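These numbers come from a predicted model, not from an experiment. This chain uses plain numbering: 1 for the first residue, then up along the sequence. Reckoned from all heavy atoms, side chains included, excluding hydrogens, waters and symmetry mates. Both counts, for ligands and for their atoms, begin at 1 and track the order of listing.
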Amino acid sequence: MFMNEGQHWAKLWHWLDERLGLTDIVKLVRKKEVPVHRHTIWYYLGGMTLFLFMIQVTSGILLLLYYRPSAEEAFESIQFLMTSVEFGWLIRSIHSWAANLMVFTLFVHFFSVLLLKAYRAPREVSWLSGMGLLALTLTFGFTGYLLPWNELAYFATRVGTEIPGSVPLVGPFLRRLLRGGDDVTGATLTRFYGIHVAILPALTTLFLGLHLFLVQKHGMSVPPDVERSGGAKNMMPFFPNFLLRDIVGWLTALAILAALAGYFPAELGKKADPFQPAPAGIKPEWYFMFMFQTLKLLPSYILGIEGEVIGIVGFGVAGLFFFLVPFLDREEGQRWSDVLTWIGLAAIAYMIVLTAIGYLVSPTK
Ligand code: HEM
């Protein structure tokens with residue numbers, strides 16, 4: 001007996017459904033809904049970060065086809081990619097720009113979740129896994145910066161790995177661990193490469209899996225001020241309504257990314273030469289600028305303790321504090337509830353002002 005095309009598909013669906021439980025997945029997707037209220041826009045930021053992360057994985061794999069992780073060949077392999085490989089420059093520029101955009105959307109996601117208090121029970125582990133993702137993403141940025149082995153990256157990494165060296169007790173060990181020796185050398189490059197292409201992707205996959213699983217499990221939170229005024233009036237089906245809006249956001253991000261990568265291709269500069277003095281204008285990536293600038297502005301000694309040490313320990317304590325946020329602020333109306341909103345706003349203002357000072361008042365070029 002002959003089957004028409006529709007019957008073929010139905011048979012295939014049935015075959016797969018029996019083995020993979022597709023009907024259950026479809027039921028789950030149909031059931032998923034997103035609350036609609038005045039802060040719904042912030043729900044798009046996590047998905048946009050995820051989209052940019054997927055671009056990073058894809059473009060990163062393509063870069064791996066040409067990149068060589070040694071002090072002798074890294075710079076040359078990127079130079080070859082930029083000049084002789086078709087669209088090599090574009091893939092590298094996309095990887096570099098998408099990294100910056102991803103850190104930006106991640107910061108916005110982080111602060112929106114903080115200010116909307118989406119970390120409260122039962123979402124404490126969503127928050128903790130998110131903090132893990134934040135740390136992993138910043139480490140991606142730090143390790144990736146060195147990989148082209150150009151002058152700017154080399155000296156910025158020297159400064160960047162020197163800084164944890166002044167942490168009391170563990171500092172010197174930490175510096176050697178990061179550098180794979182006393183100075184930044186080919187050993188550091190190999191180490192950063194291993195971390196960037198193997199360890200971080202593996203850990204990020206684990207943390208992201210947990211994070212997204214928890215988002216599905218708990219659904220989206222409704223912010224306290226919306227709850228106070230009677231809760232979300234409407235629910236939007238995730239499929240297709242919310243997903244289509246998500247896709248509009250992704251396409252917008254893609255358009256911005258394409259324009260940046262096309263009009264401002266990633267630069268390469270000169271090959272690193274460890275025997276040359278550090279050139280003027282050594283700067284970290286913009287998302288580390290507020291920390292870098294803080295350390296620069298602190299006096300050499302505060303109450304007999306090195307200013308830099310106080311700064312580093314201060315940032316460490318601040319990081320730990322943000323980890324603990326869901327355990328400090330549990331309910332509306334309690335002491336921590338307003339304090340944390342103000343701390344969040346102050347942190348945003350601090351980061352913007354110090355970054356601006358870093359670029360405007362102490363120009364690095
Ligand atoms: C690679 C980094 C990250 C990715 C790809 C990611 C992805 C997502 C996605 C897709 C959602 C659901 C939609 C949304 O609320 O935007 C979400 C929700 C959430 N994320 Fe993230 N996230 C990341 C980092 C973070 C960070 C740094 C934090 C905070 C420490 C965080 C905390 C949360 C919380 C608490 C929710 C639940 C929000 C709610 O229920 O209203 N995430 N994340």
Contacts table for ligand 1: protein N or O within a distance under 3.5 Å of ligand N or O, distances only.
unit_1   : atom_1 : unit_2 : atom_2 : d
ligand 1 : 16 (O) : Y43    : O      : 3.0
ligand 1 : 16 (O) : G46    : N      : 2.9
ligand 1 : 20 (N) : H109   : NE2    : 2.9
ligand 1 : 20 (N) : H211   : NE2    : 2.8
ligand 1 : 22 (N) : H109   : NE2    : 3.1
ligand 1 : 22 (N) : H211   : NE2    : 2.9
ligand 1 : 40 (O) : R123   : NE     : 3.1
ligand 1 : 40 (O) : S221   : N      : 3.0
ligand 1 : 41 (O) : S221   : N      : 3.2
ligand 1 : 41 (O) : S221   : OG     : 2.8
ligand 1 : 42 (N) : H109   : NE2    : 3.0
ligand 1 : 42 (N) : H211   : NE2    : 2.9
ligand 1 : 43 (N) : H109   : NE2    : 2.9
ligand 1 : 43 (N) : H211   : NE2    : 2.9

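- Between the side chain of T205 and the backbone N or O of P201, at least one donor-acceptor pair lies under 3.5 Å.
- A salt bridge does not link E331 with R120: every distance from a Lys NZ or Arg NE/NH1/NH2 to an Asp or Glu carboxylate oxygen is 4.0 Å or more.
- Remark: F213 engages K217 in a side-chain contact (heavy atoms from CB on, under 4.5 Å) (not counting sequence neighbours).
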Can you list the steps and then say if H39 with D225 is a side-chain hydrogen bond (donor to acceptor under 3.5 Å, both in side chains)? CA-CA 10 Å; H39 301 301; D225 68 318; 3.2 Å; yes

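- Shown here are the side-chain hydrogen bond (donor to acceptor under 3.5 Å, both in side chains) partners of T157, two or more places apart in sequence or in another chain: there are none.
- With sequence neighbours left out, Y350 forms a side-chain hydrogen bond (donor to acceptor under 3.5 Å, both in side chains) with T294.
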